[in-house]
Amino acid sequence: MTTTPAPTTAPTTAPTAAAGAAPVVEAHDLRMRYGSTDVLRGVDLEIRRGEIFALLGPNGAGKTTTVEILEGFRQRSAGEVRVLGTDPARADDAWRGRIGLVLQSWRDHRRWQVAELLTHFATYYPDPRDPAELLDLVGLTHQARQRVDRLSGGQRRRVDVALGIIGRPELLFLDEPTTGFDPEARRDFHDLIERLARTEGVTILLTTHDLAEAERLADRIAMLVDGRIRACGTPTELGRRAAAQAEVRWTAPDGRPRHERTSDPSGLVWELHQETAGPIADLEVRRPTLEDTYLHMVHRQATDTADTDGTDGTDDGAHRTGFPAGADTGEAAA
Ligand code: ADP
């Protein structure tokens, strides 16, 4: 895969320039059809500046397709899309310089030292981050002189992120960022993502099928199921929205364990309290969670619709380089 970037033709826009203005990502009635299979069936999305937004969905739901359309790597079948105010299908190098992709860009430079690699890639942007500061930001200062191919998987992923943000993107796409991470690396990575959004104002679109990750990181989550956004909101809102009701468990006065589902747990507890005229033994109230909502959506899709997965065709999307288009190839490009 070609990974060497070309110079951008215009400077990146300061993230604060349009704060509070138009959404960073807007999609309306986005549709994608592969052959005779409708994979996206009218996706509506709005992502605000500075948000960490998670697109959640089971495998095959259309997350990658959606993201690649937003990145400008795939041509949609229909619908309106604006990313940073521009239709990605007609975007130019200047636009490309404003978005960040996290790809395995080190692969073509595996024998390079980390600092060397960052310094090299920095030359492709008009206003790059300082490589030393970037190393610090992604927690790789101690690995600066280490060869990329001698890093751990988690450290390499940090290199990928470093390369994704070196040009100061306003919008960063993260596709399944922590797959294969151990818990500690995952936590560190989450801290990094939060820092980027909270202190640098980078808008982040994260795709994942890891509920815990979405819940931990995202300001808002959209659940993509069967080619449509079935729910969108903060993790708490989505949990509350669960069609699954709260579950109340207790031990009855005769010693038998009991449980009941209810949309009014406090009412039920009040009734029990009246009945027992005393403490309710082993009382537990479990509120519906994000996971309940998610599983409900996915289950509903599985039972409501026939399986419409198309064949695993070849990738007809544009070549992904992760950097502004028009790149030269090879390590020697400068
Ligand atoms: P996700 O990222 O949520 O796992 P994808 O967007 O990768 O989902 O895929 C959604 C569906 O579209 C899958 O059924 C997949 O097989 C199909 N698909 C993806 N890319 C292509 C393609 N280039 N040609 C044909 N079908 C595709």
Side-chain angles (χ1 to χ4, degrees), residues 1-2 25-47 52-81 83 88-89 99-104 157 160 164 171-181 193 204-215 217-218 220-232 235 238 290-291 293-322:
M1 176 182 281
T2 304
V25 174
E26 286 172 280
H28 180 62
D29 201 23
L30 171 59
R31 291 170 186 271
M32 187 67 182
R33 165 174 278 231
Y34 293 120
S36 59
T37 306
D38 289 314
V39 170
L40 301 181
R41 303 154 173 250
V43 167
D44 292 305
L45 270 184
E46 194 177 293
I47 304 177
I52 302 180
F53 190 94
L55 188 58
L56 203 66
N59 286 329
K63 301 184 296 295
T64 306
T65 298
T66 304
V67 167
E68 291 194 352
I69 290 169
L70 300 178
E71 291 170 341
F73 287 118
R74 255 171 225 252
Q75 297 290 335
R76 61 190 181 267
S77 305
E80 286 295 310
V81 180
V83 175
I99 67 167
L101 306 174
V102 176
L103 305 171
Q104 298 192 331
R157 201 73 179 134
D160 293 335
L171 169 63
L172 181 64
F173 291 97
L174 288 174
D175 196 5
E176 301 283 352
T178 58
T179 304
F181 276 31
I193 299 311
I204 294 173
L205 172 54
L206 168 82
T207 61
T208 182
H209 53 238
D210 181 343
L211 286 160
E213 181 158 278
E215 195 156 22
L217 281 179
R220 287 192 304 141
I221 296 170
M223 292 186 181
L224 182 66
V225 181
D226 193 27
R228 285 197 191 95
I229 303 293
R230 298 289 179 159
C232 182
L238 290 184
L290 177 64
E291 187 177 13
T293 304
Y294 178 76
L295 292 176
H296 176 75
M297 302 273 167
V298 173
H299 178 70
R300 201 174 62 183
Q301 179 234 334
T303 51
D304 281 3
T305 61
D307 182 12
T308 53
D309 260 11
T311 51
D312 274 324
T314 48
D315 187 346
D316 61 4
H319 188 56
R320 297 179 57 147
T321 66

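In each ligand, atom 1 is the first atom listed, and ligand 1 is the first ligand listed. Everything numeric here is computed off the predicted structure, so don't read it as measured data.
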Kindly indicate, with the supporting measurements, whether the criterion side chain to side chain contact (heavy atoms under 4.5 Å, CB included) is fulfilled by Leu101 and Asp175. CA-CA 9 Å; Leu101 306 174; Asp175 196 5; over 6 Å; no
For Asp226 and Arg228, run salt bridge (charged side-chain N to carboxylate O under 4.0 Å, His left out): C-alpha distance rounded to whole Å, both residues' side-chain angles, the deciding distance at 0.1 Å, then the answer. CA-CA 6 Å; Asp226 193 27; Arg228 285 197 191 95; 5.0 Å; no
With heavy-atom distances below 4.0 Å as the criterion, list the atoms of ligand 1 near [X].
| X | result |
| --- | --- |
| Lys63 | 1 (P), 2 (O), 3 (O), 4 (O), 6 (O), 8 (O) |
| Val39 | 10 (C), 11 (C), 12 (O) |
| Ala61 | 1 (P), 3 (O), 8 (O) |
| Asn59 | 4 (O) |

Can you tell me if [X] uses its side chain to pair, donor with acceptor, with the backbone of [Y] under 3.5 Å?
| X | Y | answer |
| --- | --- | --- |
| Asp44 | Asp29 | yes |
| Lys63 | Gly57 | yes |
| Arg74 | Thr64 | no |

Out of Thr37, Asp38, Leu40, Thr65, who gets a non-hydrogen atom closest to atom 5 (P) of ligand 1?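 Among Thr37, Asp38, Leu40, Thr65, the closest heavy atom to atom 5 (P) of ligand 1 belongs to Thr65.
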Considering Leu56, Thr66, Thr64, which one's heavy-atom position lies nearest to atom 2 (O) of ligand 1?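 Heavy atom nearest to atom 2 (O) of ligand 1 belongs to Thr64.
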Run Arg157 and Val102 through side chain to side chain contact (heavy atoms under 4.5 Å, CB included) and show every step you take. CA-CA 8 Å; Arg157 201 73 179 134; Val102 176; 3.9 Å; yes
Ligand 1 contacted by [X] (non-hydrogen, < 4.0 Å):
| X | value |
| --- | --- |
| Pro58 | yes |
| Arg74 | yes |
| Gly57 | no |

Before giving the answer on side chain to side chain contact (heavy atoms under 4.5 Å, CB included), spell out for Glu213 and Leu206 the whole-Å C-alpha distance, their side-chain angles and the decisive distance to 0.1 Å. CA-CA 10 Å; Glu213 181 158 278; Leu206 168 82; 4.3 Å; yes
